[in-house]
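Working notes for the structure below.
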Amino acid sequence: MAEKNRTLKHLRMTGNKIENKGGMFFAAMLQINSSLEKLDLGDCDLGMQSVIAFATVLTQNQTIKGLNLNRPILYGEQEESTVHLSHMLKENQCLIELHICKHDIKNCGMKQLCDALYLNRSLQYLDVSCNKITQDGMKYLADVLKSNTTLEVIDLSFNRMENAGANYLSDALASHNRTLKALSVVSNNIEGKGLVALSQSMETNPTLSHIYIWGNKFDGATCVAYSDLIHTGRLKPDNTDVEPFVVDGHVYLAEVSNGLKRHYYWTPGYGEACSPSSNAGFSLAPVSWSRIQPAVSCCSDSLHNVLSAWMNTSFPISILHVSGSLELSLPNTHVGKTQSLLQYSSVFTIAYILSCNHSYLLRFLVSRTRL
């Protein structure tokens, strides 16, 4: 179906265990489809063969702008998938967003990626979190940042850069790079000196506006440095994942629920569910996964049109060919009537409604489809 479809722009298959065989079907589809712009196959148990197939196809496909290949099931120590993805980045000049979390990338693989980034002129959001990159890999990235003018968001969370890696990055950001807007170094075993160096780079770099540091080893100097950045207005409270507080005259840092993609797959049980500070990476990148988008192959515009049509009629309208989960933002005035539709119709079971900036985010769990 996706091969012939010319209207679907966003497809999110996250968590469906399609495995290597299903991944190969999607890769084959991308050889034909010329309309799909964003594809999320994270946590789908893809295999090495299908990851390499995607890398091969995307050397030719010029329409995909966002790709999530998080957590494939890979065997071996040669980083073949990273080598092929690096080759793809050299050839592809349309991809804007790439998520390769949990790919078992080591320093050798990071060097391959960085060599490709010297030639790539389109990628703006790179997610290499939850890999095995250490200070040597960060040196390769720092060298790229000295000349790269397209990368705006980099997620390095849950690697092991330590102080040396943080110093490499801070030097590049302080003296050379003026395009990076957001950096996450969460849980990288960085101690006080490295964290302070990153804070000092923000004092001379006017472009870097978001930094996330929780999960590292804070000392007194770290707490004071980031407290000063926040209190002077250089770092906005919504643009970091720490908040200073004082006890007995000493400054400490507490964790707050901000991040590049903190609430990408779920929403909190309390507080604002739609706060852009929780998914800052997607709001910073020009082409990103929208907060109000279908999670499967149903166009949100179609659902919106159906609901709008029903609001002007006295009878429920059946929804055609809908599966999975859907999200839709509606004005407050329509919520009561929409609830009536969902309770009356056998198509939907409503999960919950969340208040969000003078509108409501309705999240539906589709139970079945009917004609």
Once you round to the nearest 0.5 Å, how far does CG of Leu195 lie from CG of Asn167?
-> 10.0 Å

Donor-acceptor pair, side chain of Asn107 and main chain of Gln135, under 3.5 angstrom | no

Judged by atom type as modelled, is there a donor-acceptor pair below 3.5 Å linking the side chain of Asn163 to the main-chain atoms of Ile190?
-> no

Heavy-atom closest pair, residues Leu46 and Glu19 = CD2-O, 3.7 Å

Look at the side chain of Asp241 and the backbone N and O of Glu255, then say whether any donor-acceptor pair between them is shorter than 3.5 Å.
-> no

If every non-hydrogen atom of Ser50 is compared with every non-hydrogen atom of Gly47, which pair is closest and at what distance?
-> OG-O, 2.9 Å

Would you say the side-chain atoms of Ser209 and Asn239 include a donor-acceptor pair closer than 3.5 Å?
-> no

Separation of Cys94 SG from Leu58 CG (nearest 0.5 Å) | 10.0 Å

With a 4.5 Å limit on heavy-atom distance, are the side chains of Ile100 and Asp127 in contact?
-> no

Which atom names give the shortest non-hydrogen contact between Ser86 and Leu113, and what distance separates them?
-> OG-N, 3.2 Å

Mark yes or no for whether Arg234, through its side chain, and His231, through its backbone, hold a donor-acceptor pair below 3.5 Å.
-> no

Ile213 with Ile230, same ILVMFWY side-chain cluster at under 4.5 Å = yes

Verify, without hydrogens or angle tests, whether Thr240 (side chain) and Pro237 (backbone) share a donor-acceptor contact under 3.5 angstrom.
-> no

Is Leu183 reachable from Val196 through a run of I, L, V, M, F, W or Y residues, each pair having side-chain heavy atoms under 4.5 Å apart?
-> no

Mind checking whether Phe26 and Leu11 have side chains closer than 4.5 Å, heavy atoms only?
-> yes

Over 12 foreign heavy atoms within 6.0 Å of NZ, Lys261 | yes

Hydrophobic cluster membership, Leu89 vs Tyr140, 4.5 Å side-chain cutoff = no

Is the closest basic N to carboxylate O distance between Asp104 and Lys102 below 4.0 Å?
-> no

Please check if the side chain of Asn216 supplies one atom and the backbone of Val185 the other of a donor-acceptor pair under 3.5 Å.
-> yes

Indicate the atoms forming the closest heavy-atom contact of Thr63 with Ser34, along with that distance.
-> CG2-O, 3.2 Å

For the residue pair Leu69 and His99, establish whether any side-chain heavy-atom pair is separated by less than 4.5 Å.
-> no

Does Lys106 offer a backbone N or O that forms a donor-acceptor pair with the side chain of Glu79 under 3.5 Å?
-> yes

Where the side chain of Asn16 meets the backbone of Met13, is there a donor-acceptor pair that is under 3.5 Å apart?
-> yes

Stepwise, does the side-chain contact (heavy atoms from CB on, under 4.5 Å) test hold for Asn68 with Glu97?
-> CA-CA 8 Å; Asn68 186 330; Glu97 189 175 316; over 6 Å; no

Would you mind reporting whether His87 and Thr59 have side-chain heavy atoms less than 4.5 Å apart?
-> yes

Look at the side-chain heavy atoms of Ile, Leu, Val, Met, Phe, Trp and Tyr, link any pair under 4.5 Å apart, and say whether Ile18 and Leu8 land in one connected group.
-> yes

Measure the spacing between OG of Ser201 and CG of Leu173 and express it to the nearest 0.5 Å.
-> 5.0 Å

Taking Asn159 for its side chain and Val128 for its backbone only, find out whether a donor-acceptor pair lies under 3.5 Å.
-> yes

Close side-chain approach of Met48 to Pro72, heavy-atom, < 4.5 Å = no

CA sep, side-chain torsions, deciding dist, call: Leu95, Met88, side-chain contact (heavy atoms from CB on, under 4.5 Å) | CA-CA 10 Å; Leu95 192 67; Met88 178 271 292; 3.9 Å; yes

Crowded around Gln62 CD? As in, over 12 foreign heavy atoms under 6.0 Å?
-> yes

For Ser199 against Ala225, the heavy-atom pair lying closest together | OG-CB, 3.5 Å

Aromatic ring proximity, centroids under 6.0 angstrom, Phe54 and His84 | no

Going through the checks in order, is the side chain to side chain donor-acceptor pair (under 3.5 Å) test met by Ser129 and Asn131?
-> CA-CA 6 Å; Ser129 58; Asn131 284 293; over 6 Å; no

Is the closest side-chain heavy-atom distance between Leu30 and Leu36 below 4.5 Å?
-> yes

Start with the C-alpha distance between Lys38 and Asp40, add both sets of side-chain angles, then the distance that settles salt bridge (Lys or Arg N to Asp or Glu O under 4.0 Å), and finish with yes or no.
-> CA-CA 7 Å; Lys38 301 171 189 177; Asp40 184 343; over 6 Å; no

Would you indicate whether Lys146, at its atom NZ, is surrounded by more than 12 heavy atoms from other residues, nucleotides or ligands within a distance under 6.0 Å?
-> yes

side-chain contact (heavy atoms from CB on, under 4.5 Å) between Asn177 and Leu180, intermediate numbers included = CA-CA 7 Å; Asn177 186 278; Leu180 192 71; 3.4 Å; yes

Worked check of side chain to side chain donor-acceptor pair (under 3.5 Å) between Ser157 and Ser184 | CA-CA 6 Å; Ser157 305; Ser184 177; 2.5 Å; yes

Will you find, in the side chains of Lys90 and Asn120, an N or O donor that is under 3.5 Å from an N or O acceptor?
-> no

Step through the shown structure and confirm whether more than 12 heavy atoms of other residues, nucleotides or ligands are within 6.0 Å of NZ on Lys17.
-> yes

Less than 4.5 Å apart, any side-chain heavy atom of Leu117 and any of Leu126?
-> yes

Validation row: Asp136, Met110 side chains within 4.5 angstrom (heavy atoms) | no

When rounded to the nearest 0.5 angstrom, what is the spacing between NE2 in His210 and CE in Met202?
-> 9.0 Å

Among the clusters formed by ILVMFWY side chains lying less than 4.5 Å apart, do Leu141 and Tyr118 turn up in the same one?
-> yes

Carefully, step by step, assess Ile154 and Leu145 under the rule side-chain contact (heavy atoms from CB on, under 4.5 Å).
-> CA-CA 11 Å; Ile154 301 179; Leu145 290 176; 3.8 Å; yes

Check for a donor-acceptor pair, side chain of Thr207 on one end and backbone N or O of Arg178 on the other, with a separation under 3.5 Å.
-> yes

Flag if over 12 foreign heavy atoms under 6.0 Å of NZ, Lys111 = no

Could you state the interatomic distance from NZ (Lys21) to CD (Gln49), rounded to the nearest 0.5 Å?
-> 11.5 Å

Do the rings of Phe218 and Trp214 sit parallel, tilted or perpendicular, given the 30° and 60° boundaries?
-> perpendicular

Rounded to the nearest 0.5 Å, how far apart are CD1 of Ile52 and CG of Leu74?
-> 9.0 Å

